[in-house]
Amino acid sequence: QGQLVESGGGLVQAGDSLRLSCAASLHPFSEYAMGWFRQAPGMEREFVAGISRYSSRTAYADSVKGRFTISKDYNNNMLYLQMNSLKPEDTAVYYCAGEKTRSTTSVPTTTNYAYWGQGTQVTVSS
């Protein structure tokens with residue numbers, strides 16, 4: 001219980017797409033709001049995208065709105081981040097995070113999540 005494992009990172013060119021996956025040992029998955037964060041070298045970890053317990057609400061950082069899409073697969077306890085039109089400034093280690101919540105609409109955007117993965121590197125070349 002509480003293990004998050006990211007995958008799907010890699011080296012791509014500007015304009016390409018990637019889909020990050022996060023296998024979540026959080027049960028039941030529907031009780032957890034989930035989020036994606038990223039951290040570039042020398043920078044603080046920042047919020048990228050979040051999704052509420054039942055996927056009724058999502059939130060995105062302004063820098064990724066319209067390019068990234070977060071989603072949950074309840075059958076397989078998976079969290080995804082579809083990233084399109086990637087830019088060099090998207091280069092970072094990407095982390096998934098989970099937080100148990102009673103709220104059906106809460107989408108936490110700070111780093112106050114209880115569970116974190118180990119991260120996956122995304123590098124976008126120009």
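Computed from a predicted structure; not experimentally measured. Hydrogens, waters and symmetry mates are skipped; everything else that's a heavy atom, side chains included, is used. Each residue takes its place number in the sequence, starting with 1.
- The backbone N or O of Gln82 sits nowhere less than 3.5 Å from a side-chain atom of Arg19 that would complete a donor-acceptor pair.
- Residues forming a side chain to side chain contact (heavy atoms under 4.5 Å, CB included) with Ser55 (at least two apart in sequence, or on another chain): Ile51, Lys72, Tyr74.
- Of all heavy-atom pairs between Leu4 and Met34, the closest is CD2-CE, 4.3 Å.
- Without hydrogens or angle criteria, Asn77 side chain to Leu26 main chain gives a donor-acceptor distance under 3.5 Å.
- Across Phe47 and Ala59, no two heavy atoms sit closer than the pair CZ-O, 3.6 Å.
- Residues passing the side-chain hydrogen bond (donor to acceptor under 3.5 Å, both in side chains) test with Gln3: none are found, sequence neighbours excluded.
- In this structure, the side chain to side chain contact (heavy atoms under 4.5 Å, CB included) partners of Ser103, at least two apart in sequence or on a different chain, are Thr101, Thr105, Ser106.
- Closest non-hydrogen pair, Met78 versus Ser21, comes out as CE-CB, 3.7 Å.
- Residues in residues 31-48 take part in these side-chain hydrogen bond (donor to acceptor under 3.5 Å, both in side chains) pairs, two or more places apart or across chains: Gln1-Tyr32, Glu31-Lys100, Arg38-Glu46, Arg38-Ser63, Arg38-Asp90, Arg38-Tyr94, Gln39-Arg45.
- Thr123 is linked by a side-chain hydrogen bond (donor to acceptor under 3.5 Å, both in side chains) to Gln121, counting only residues two or more places apart in sequence or in another chain.
- Shown here are the ring-ring contact (aromatic ring centres under 6.0 Å, His included) partners of Tyr115, two or more places apart in sequence or in another chain: there are none.
- Here the closest non-hydrogen pair linking Phe29 and Ala24 is CE1-CB, 3.7 Å.
- Every side chain to side chain contact (heavy atoms under 4.5 Å, CB included) that Ala114 has, sequence neighbours left out, goes to Glu99.
- Closest of all the heavy-atom pairs between Thr110 and Phe37 is O-CZ, 3.0 Å.
- Shown here are the side-chain hydrogen bond (donor to acceptor under 3.5 Å, both in side chains) partners of Asn76, two or more places apart in sequence or in another chain: Asp73.
- Tyr95 is linked by a ring-ring contact (aromatic ring centres under 6.0 Å, His included) to nothing, counting only residues two or more places apart in sequence or in another chain.
- Shown here are the side-chain hydrogen bond (donor to acceptor under 3.5 Å, both in side chains) partners of Ser56, two or more places apart in sequence or in another chain: Ser52.
- Contacts classified as disulfide (SG to SG under 2.5 Å) and involving residues 84-126 (residues at least two apart or in different chains) are given here: Cys22-Cys96.
- Every residue two or more places apart in sequence or in another chain that forms a side chain to side chain contact (heavy atoms under 4.5 Å, CB included) with Ala14 is listed here: Pro88, Val124.
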